[in-house]
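Taking it in order: structure first as structure tokens, then the write-up.
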Amino acid sequence: MRIGILSPYPNGSSKSGIADYTVALLSNIPREYDDDIVVFADRGPGDEQTQTPPRVTVRRCWNAGWRAPLQIVRALFTADVEALHVEYDIYLFGGVVSALTIPLALIVLRLLRRVHVTVTLHGVVPRAAITPELLRENGLTFPFSILGKIGFTVLFRLFALAANRVIALETALAHSLIADYGFRHDRIFVIPCPPLVKAAIPIAQIEAPPTEASRSLLYFGFASYYKGLPELIDAFVIAKQRIPDLQLTIVAGRHPRLRGSAAYEAHYRRLEEQAASAGIVMLDFLDAQRLSALIASCAALVLPYTRMYGASGPLATAIAARKPVLVSTAVYFDGADPAQVFAPDAQSCADAIVAFFTTYRERLQAHARALVARRNPAVIATVNHAIRRGDAPIEIGSLLPGTLVREGDLTLR
């Protein structure tokens with residue numbers, strides 16, 4: 001079978017972690033599949049087509065922006081593919097117009113060319129989360145949240161029409177698609193993100209355990225409004241009263257979509273000032289080698305998000321690195337240990353930090369090792385590939401179309 005995959009790919013213009021996710025899946029497809037795969041990827045330096053891994057061709061054909069849907073449509077309608085797998089996030093291909101145009105193009109492709117379409121929705125916005133605050137954070141100027149709800153409803157319902165099958169990365173996201181946007185249960189699969197690190201980060205290095213005396217914590221990711229960084233800084237101040245040698249490093253790059261706006265830059269400066277006054281090291285973007293060294297040396301990662309609209313790339317990296325990670329209840333995380341979860345406020349975060357170092361450190365270290373073992377990349381890649389091919393039934397364990405597949409089901413049998 002000839003299969004197309006629409007996704008960013010490493011060394012393209014996109015900075016999305018979906019590029020590394022796509023590589024992880026393609027690199028682990030079992031050898032018994034002899035399909036030819038074409039990745040319709042974002043343009044970047046180098047040749048228009050590149051070969052990587054075996055039987056995979058990368059065709060760089062689009063740039064994020066309002067032209068992206070036209071470029072993608074031209075590439076897809078001139079390609080001879082029997083199945084298409086779309087890795088989709090709302091702002092992955094451009095702004096609002098691009099977000100809405102992509103599913104319309106998929107509907108036409110599915111009807112005219114009889115292509116089997118699978119969509120992995122990396123971001124799902126529950127209707128209850130659509131507020132004026134969310135719209136402002138995402139650069140939208142709708143005056144009332146009802147308009148935002150209409151926009152997101154149209155977007156996701158278009159995907160319900162466009163896709164033969166849909167993959168969500170966490171169970172909560174699948175339930176939102178069914179309850180909020182009318183997706184059919186029998187077309188949705190929940191398959192977690194595989195343990196994921198950038199190719200440039202040496203996994204052996206970040207797996208190295210820190211010394212038991214280490215009291216260092218790490219946050220990394222974009223400095224988005226909803227990431228809970230003010231709460232994390234306040235939590236550090238509270239926790240340090242009980243753990244005097246506690247250390248925290250925040251690696252928080254400016255969000256590419258918000259960078260440059262006056263309100264956002266003022267927000268970022270306030271974070272820098274707040275961190276400095278608390279004795280926290282705050283850094284902007286780091287290259288993979290320096291980030292890997294920080295991951296290796298920390299005792300745990302902290303993700304204090306106050307809201308969340310999709311699966312977390314830093315969480316996937318923490319799992320791959322076998323690192324304990326403390327997460328707020330806003331983080332979609334199948335398989336979390338109750339000891340690593342806290343309410344998204346400063347006091348609860350501080351309590352979780354103190355409890356980790358005084359009570360739960362060994363327990364959460366063991367849980368981190370078990371968690372990465374349960375998210376076997378070969379099994380995850382196999383299930384993804386069977387779904388994108390349209391195989392039915394999927395002959396892995398007892399998985400059948402429509403099963404809400406949780407991470408515990410994805411062990412080798």
Side-chain angles (χ1 to χ4, degrees), residues 197 201 205-224 226-253 271-272 274-286 290-306 308 312-331 333 336-369 371-372:
V197 293
I201 298 180
Q205 180 177 334
I206 62 177
E207 286 179 353
T211 64
E212 287 302 310
S214 171
R215 297 291 185 271
S216 61
L217 298 169
L218 174 66
Y219 165 91
F220 73 94
F222 288 129
S224 303
Y226 66 88
K227 294 296 183 70
L229 290 177
E231 289 80 2
L232 176 59
I233 295 170
D234 289 342
F236 173 79
V237 173
I238 297 170
K240 195 172 177 63
Q241 296 173 4
R242 297 179 59 185
I243 306 177
D245 59 345
L246 185 66
Q247 296 178 316
L248 171 63
T249 301
I250 295 176
V251 181
L271 286 177
E272 290 180 312
Q274 187 183 0
S277 66
I280 296 167
V281 176
M282 182 169 171
L283 306 170
D284 203 328
F285 175 80
L286 291 181
R290 292 177 65 195
L291 179 60
S292 69
L294 284 174
I295 295 173
S297 63
C298 77
L301 286 91
V302 186
L303 301 179
Y305 305 170
T306 56
M308 195 171 170
S312 169
L315 175 61
T317 299
I319 292 171
R322 296 167 173 79
K323 281 287 178 180
V325 54
L326 306 178
V327 299
S328 80
T329 52
V331 177
F333 185 11
D337 185 302
Q340 68 189 134
V341 180
F342 56 88
D345 61 73
Q347 184 63 59
S348 298
C349 182
D351 292 343
I353 291 170
V354 172
F356 171 76
F357 284 111
T358 58
T359 307
Y360 295 122
R361 183 167 183 161
E362 290 185 5
R363 168 174 157 179
L364 292 183
Q365 286 172 338
H367 180 264
R369 292 189 294 271
L371 187 62
V372 74

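Atom set for the values below is all heavy atoms of this structure, side chains included, hydrogens, waters and symmetry mates excluded.
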Between Phe236 and Ile243, is there a side-chain heavy-atom distance shorter than 4.5 Å?
no

Interatomic spacing from NZ in Lys227 to CE in Met308 - rounded to 0.5 Å
8.5 Å

Roughly how far, to the nearest 0.5 Å, is the CG atom of Leu217 from the CD1 atom of Ile353?
5.5 Å

Partner set under side-chain hydrogen bond (donor to acceptor under 3.5 Å, both in side chains) for Arg363, not counting sequence neighbours:
Asp337

Verify whether one side chain among Tyr305 and Ser224 offers a donor that lies under 3.5 Å from an acceptor in the other.
no

As an exercise, state the distance from CG of Leu218 to OG1 of Thr249, rounded to the nearest 0.5 Å.
6.5 Å

Measure the shortest side-chain to side-chain distance between Gln274 and Pro230 over non-hydrogen atoms and say whether it is less than 4.5 angstrom.
yes

Check the pair Cys349, Leu232 against side-chain contact (heavy atoms from CB on, under 4.5 Å), reporting the backbone distance first and the verdict last.
CA-CA 7 Å; Cys349 182; Leu232 176 59; 4.1 Å; yes

From Leu283, Ile295, Ile250, residue fulfilling side-chain contact (heavy atoms from CB on, under 4.5 Å) relative to Phe220
Ile295

Show the numbers, then the answer: is there a side-chain contact (heavy atoms from CB on, under 4.5 Å) between Leu364 and Phe356?
CA-CA 8 Å; Leu364 292 183; Phe356 171 76; 3.7 Å; yes

Rounded to the nearest 0.5 Å, what's the gap from CG on Leu294 to OH on Tyr219? Could you check?
14.0 Å

Would the distance check show the side chain of Ser328 and the main-chain N or O of Val341 forming a donor-acceptor pair, the cut-off being under 3.5 Å?
no

Got a sec, which pairs hit side chain to side chain donor-acceptor pair (under 3.5 Å) with one end in residues 351-360, sequence neighbours left out?
Gln347-Asp351

